Undergrad: 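Submitted below is the structure of interest, expressed as structure tokens.
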Amino acid sequence: MSSVVRAGVIGYGSIGRTVANRLLAGALTGVELVAIVDTGVVANSTVPQTDLAKAIEICDVLIECAGQAVVFEHAEAVLGAGRDLVISSTGALADPDFITRLRKLPGRMLCTTGAVGGLDLLGAASDAARFDTVTVQTTKLPTSLVQPWMSDQRSAQIVETVSALTVFEGGAEEASRLFPRSLNVATAVSLAVSDRDLVQVKPVADPSAALTRHEVTARGPVGNYHFTIENLPSPENPRTSAIVPFAVLRTLGVLLGHHGVIG
Ligand SMILES: NC(=O)c1ccc[n+]([C@@H]2O[C@H](COP(=O)([O-])OP(=O)(O)OC[C@H]3O[C@@H](n4cnc5c(N)ncnc54)[C@H](O)[C@@H]3O)[C@@H](O)[C@H]2O)c1
């Protein structure tokens with residue numbers, strides 16, 4: 001790798017646009033943004049829009065900000081070509097066979113902490129001993145939890161609820177499959193504790209939820225942990241929290257050795 005790291009952003013939406021603009025403004029010294037990949041037309045960018053094959057050719061690192069499907073379809077090509085990959089759509093890694101395949105490829109892969117925190121502590125505690133219980137309760141505006149596979153009746157019930165309504169209760173793998181854009185946090189927690197079967201997930205639709213709230217509770221032999229995280233939504237995409245592009249940039253910084261988890 002040359003001293004300048006050439007980066008490409010896949011997905012120029014609410015996360016990708018902020019990531020791209022921050023990189024162009026010099027957020028990470030020595031990182032040059034050279035490609036933007038999007039299925040839509042990328043307007044008002046000084047960086048060339050390319051297809052993914054070209055981006056793999058000219059970039060050292062690709063930053064996925066496009067959705068789970070892009071990770072499923074393209075992560076192997078990126079990592080197989082020896083390029084590094086920062087992943088926003090962490091839920092794509094809920095499938096253990098998929099992540100095992102990706103880990104065997106030459107490129108390095110790092111998921112962003114995204115909308116959640118405390119993963120370092122949970123990881124350290126789970127290295128010491130398996131947690132007894134881990135739960136993630138995510139409370140969002142009802143429209144953010146409606147999914148295409150839901151019946152019209154169920155969608156209407158969620159959208160029209162006047163009080164907090166539990167939409168699902170189950171494991172992290174199933175949760176990230178059923179709510180691909182909304183429960184990346186659940187997979188992030190299950191990756192942190194290295195135990196996808198342990199993490200129980202409860203998305204709650206709440207019409208009064210001006211902020212998206214994640215309550216992570218873990219109990220085990222070395223301690224009990226409870227984090228409440230409240231994020232403002234992105235002004236461009238209410239399903240995404242405004243913090244996420246900044247978490248993505250930090251993850252890129254960690255991958256490139258610019259900074260550690262702290263400092
Ligand atoms: N880790 C987290 O905490 C967290 C939080 C929020 C969102 N996310 C993930 O980030 C993803 C992006 O979020 P966003 O708010 O920026 O979404 P967005 O809809 O605002 O932007 C997504 C962009 O990706 C593009 N895109 C879609 N399919 C593509 C493809 N095959 N190739 C190239 N570009 C493609 C779209 O055209 C769009 O411009 C979400 O789908 C979600 O999976 C993760």
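Atoms within each ligand, like the ligands themselves, are counted from 1 in listed order. It should be emphasised that the depicted structure is a prediction, and the values quoted were computed from it without experimental measurement.
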Undergrad: Can you tell me if R22 has over 12 outside heavy atoms packed within less than 6.0 Å of its CZ?
TA: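 Atom CZ in R22 is not packed in, count stays at 12 or less.
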Undergrad: Can you pull out the closest protein heavy atom to atom 21 (O) of ligand 1? Residue, atom name and distance to 0.1 Å, please.
TA: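 Protein heavy atom at minimum distance: G13 CA, 3.2 Å.
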Undergrad: Provide the number and element of each atom of ligand 1 under 4.0 Å from a heavy atom of G67.
TA: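 Atoms satisfying the 4.0 Å criterion: 11 (C), 41 (O), 43 (O).
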Undergrad: I need the nearest protein heavy-atom contact for atom 30 (C) of ligand 1: residue, atom name and distance, please.
TA: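 Scanning the protein heavy atoms, the shortest distance from atom 30 (C) of ligand 1 goes to V70 CG2, 3.4 Å.
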Undergrad: Please write down residue, atom name and distance for the protein heavy atom closest to atom 6 (C) of ligand 1.
TA: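 Scanning the protein heavy atoms, the shortest distance from atom 6 (C) of ligand 1 goes to T240 OG1, 3.6 Å.
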Undergrad: Heavy-atom distances under 4.0 Å decide this one: backbone, side chain, both or neither, for A247 against ligand 1?
TA: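 Answer for A247: neither.
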Undergrad: Within a radius of less than 6.0 Å around CZ of R154, do more than 12 heavy atoms belonging to other residues, nucleotides or ligands occur?
TA: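 Yes - once you tally the heavy atoms of other residues, nucleotides and ligands closer than 6.0 Å, there are more than 12.
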Undergrad: Can you pull out the closest protein heavy atom to atom 22 (C) of ligand 1? Residue, atom name and distance to 0.1 Å, please.
TA: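 Heavy-atom neighbour on the protein nearest atom 22 (C) of ligand 1: C65 O, 3.7 Å.
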Undergrad: So for atom CG, which belongs to D152, do other residues, nucleotides or ligands contribute more than 12 heavy atoms lying within a distance under 6.0 Å?
TA: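 Incorrect, the count does not exceed 12.
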Undergrad: Which one of V71, V37, T113, N184 has a non-hydrogen atom at the shortest distance from atom 8 (N) of ligand 1?
TA: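 Ranked by closest heavy atom to atom 8 (N) of ligand 1, first place is N184.
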Undergrad: Should the proximity of D38 to ligand 1, defined as any heavy atom under 4.0 Å, be assigned to the side chain, the backbone, both, or neither?
TA: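 D38 to ligand 1: contacts from backbone and side chain alike.
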Undergrad: If you have a sec, work out which protein heavy atom is nearest atom 3 (O) of ligand 1 and how many Å separate them, to one decimal?
TA: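 Ranking protein heavy atoms by distance from atom 3 (O) of ligand 1, first comes A115 N, 2.9 Å.
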Undergrad: Can you name the atoms of ligand 1, numbered from 1 with element, that are less than 4.0 Å from a heavy atom of S89?
TA: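 So the atoms of ligand 1 that pass are 9 (C), 10 (O), 11 (C), 42 (C), 43 (O).
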Undergrad: Should you measure from each heavy atom of G114, which atoms of ligand 1 turn up under 4.0 Å away?
TA: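 So the atoms of ligand 1 that pass are 1 (N), 2 (C), 3 (O).
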Undergrad: In terms of ring plane angle, is the pair F179 and W149 parallel, tilted or perpendicular, where the classes change at 30° and 60°?
TA: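 Correct class here is perpendicular.
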Undergrad: Nearest to atom 5 (C) of ligand 1, what protein heavy atom do you find, and at what distance?
TA: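 Scanning the protein heavy atoms, the shortest distance from atom 5 (C) of ligand 1 goes to V244 CG2, 3.5 Å.
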Undergrad: Does an N or O anywhere in S241 fall below 3.5 Å from an N or O of ligand 1?
TA: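 Between S241 and ligand 1 (N or O atoms, distance only) the closest approach is not under 3.5 Å.
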Undergrad: Taking the side chain from R17 and the backbone from Y12, do they hold a donor-acceptor pair closer than 3.5 Å?
TA: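 Pair found, side chain donor or acceptor close to backbone of Y12.
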Undergrad: For the pair R130 and L198, evaluate side-chain contact (heavy atoms from CB on, under 4.5 Å) and give the outcome as yes or no after the intermediate values.
TA: CA-CA 9 Å; R130 187 180 195 262; L198 189 60; 3.7 Å; yes
Undergrad: I'd like to check L119 versus V189 (side-chain heavy atoms, cut-off strictly below 4.5 Å). Are they in contact?
TA: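 They are in contact (side-chain heavy atoms under 4.5 Å apart), so the answer is yes.
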Undergrad: So is G40 polar-close to ligand 1, meaning N/O to N/O under 3.5 Å?
TA: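 No, G40 has no N/O under 3.5 Å of an N/O on ligand 1.
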Undergrad: Please identify which atoms of ligand 1 are closer than 4.0 Å to at least one heavy atom of N237.
TA: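 Once the distances to N237 are compared, the set is 14 (P), 15 (O), 17 (O), 18 (P), 19 (O), 20 (O).
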Undergrad: Does only the side chain of T39 get under 4.0 Å from ligand 1, or the backbone, or both, or neither? Count heavy atoms.
TA: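 The part of T39 near ligand 1 is both the backbone and the side chain.
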Undergrad: Applying side-chain contact (heavy atoms from CB on, under 4.5 Å) to L93 and L102, what does each step give before you reach the verdict?
TA: CA-CA 9 Å; L93 301 183; L102 296 184; 3.7 Å; yes
Undergrad: Test of understanding: with salt bridge (charged side-chain N to carboxylate O under 4.0 Å, His left out), list the residues that count as partners of E57, not counting sequence neighbours.
TA: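 E57 satisfies salt bridge (charged side-chain N to carboxylate O under 4.0 Å, His left out) with K54 once adjacent residues are dropped.
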Undergrad: Would you check the N or O atoms of S14, main chain and side chain alike, for any that come under 3.5 Å of an N or O of ligand 1?
TA: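 N/O-N/O distance below 3.5 Å exists for this pair.
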Undergrad: Going by side chain to side chain donor-acceptor pair (under 3.5 Å), name the pairs with one or both residues in residues 87-106, residues two or more places apart or in two chains.
TA: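 Only E64-S89, E76-R101 qualify under side chain to side chain donor-acceptor pair (under 3.5 Å).
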Undergrad: Please determine whether a side-chain nitrogen of the Lys or Arg among D84 and R108 lies less than 4.0 Å from a carboxylate oxygen of the Asp or Glu.
TA: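 Salt bridge: yes.
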Undergrad: Where on I15 is there a heavy atom closer than 4.0 Å to ligand 1, on the side chain, on the backbone, on both, or on neither?
TA: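 Both backbone and side chain.
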Undergrad: Ion pair present between E230 and R213, side-chain N to carboxylate O less than 4.0 angstrom?
TA: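 Between R213 and E230 there is a salt bridge, with a charged N closer than 4.0 Å to a carboxylate O.
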Undergrad: Which of the listed options, S88, A66, P238, S182, holds the heavy atom that is closest to atom 27 (C) of ligand 1?
TA: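 The option holding the nearest heavy atom is A66.
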Undergrad: Using a strict cut-off of 4.0 Å, indicate which atoms of ligand 1 neighbour a heavy atom of T90.
TA: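 Near T90, meaning under 4.0 Å from one of its heavy atoms, ligand 1 has 1 (N).
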Undergrad: Looking only at distances, please establish whether an N/O atom of ligand 1 is found under 3.5 Å from an N/O atom of H74.
TA: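 By distance alone, the answer is no.
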Undergrad: Could you walk me through whether C59 and V34 pass the side-chain contact (heavy atoms from CB on, under 4.5 Å) check?
TA: CA-CA 7 Å; C59 293; V34 296; 3.7 Å; yes
Undergrad: Run down the list H214, R181, R17 and name the one with the heavy atom closest to atom 19 (O) of ligand 1.
TA: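 The nearest heavy atom belongs to R181.
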